[in-house]
Amino acid sequence: QMQLVESGGGSVQAGGSLRLSCVTSGRTFSTYAMGWFRQAPGKEREFVAAISRNGANKYYGDSVKGRFTISRDNAKNTVYLQMNSLKPEDTAVYYCAADFVIGLVAATSSDKYDYWGQGTQVTVSS
C-alpha cells in the first residue's frame, strides 16, 4: 500500500496562488507516475496534471494549462502542484494519485491510478 497525504489547500481570492503538496510513503516513489485531479460539488472528477516517474514528462488539463505547474522531488517522495492565476472555477477538492508504471509516461485518466490521497479543499473567491 502507498499512503498519500495532500496539504496546502485553502481559500484565496481570484488571481491568487496556492501550492499543493502530496507526500507519499509505503512504496518506492520513483516507480510511480503521479497525478492531480479535482472534483467540484455536483461534477465529475477532472484531470488536472500528471508527471512521469522522473519528472521529464508533464501533462495538463486544458483548463489549467499555462496557470498550473506540476513538479516532483523523488528524494522527498513528494509531488507538488503550483497554482497561479486562480479562478473561481478552480474551486474543488484536489486529490493526488499514484500510478505504478514502467515507462516514462503518466496517465490522464483517473481509472489508471492505483492509490489516492484524501483530498484538500481549494476555494477561490471572486
More than 12 heavy atoms of other groups within 6.0 Å of K58 NZ = yes
To the nearest 0.5 Å, atom CG of N57 lies from atom CD1 of I51 at 9.0 Å
Nearest heavy-atom pair of F29 and M2: which atoms, and what distance?
-> CA-CE, 4.4 Å
Between S125 and P88 the two heavy atoms that sit nearest each other are C-CG, 4.5 Å
Atom pair OG1 (T123) and CD (Q13), whose distance is rounded to the nearest 0.5 Å | 13.0 Å
Taking all non-hydrogen atoms of both residues, which atom of S17 and which atom of Q82 are closest, and how far apart?
-> CB-NE2, 4.0 Å
Output yes when K65 and D62 qualify as a salt bridge under the 4.0 Å nitrogen-oxygen rule, no when they do not.
-> yes
So, for F37 and F47, which heavy atoms are closest and what is the spacing to 0.1 Å?
-> CD2-CA, 3.5 Å
Passing candidate, side chain to side chain contact (heavy atoms under 4.5 Å, CB included) with L4, options M34, Q118, R27 = M34
For the student: nearest non-hydrogen atoms of S30 and N74, plus distance | CB-ND2, 3.6 Å
Parallel, tilted or perpendicular: ring planes of F68 versus Y94, cut at 30 and 60 degrees = tilted
Test side-chain hydrogen bond (donor to acceptor under 3.5 Å, both in side chains) applied to S63 and K87, R38, E89, the passing residue | R38
Stepwise side chain to side chain contact (heavy atoms under 4.5 Å, CB included) test for S52 and V105 | CA-CA 5 Å; S52 60; V105 294; 5.8 Å; no
For residues V79 and I70, report the shortest heavy-atom separation together with the two atoms involved.
-> CG2-CG1, 4.0 Å
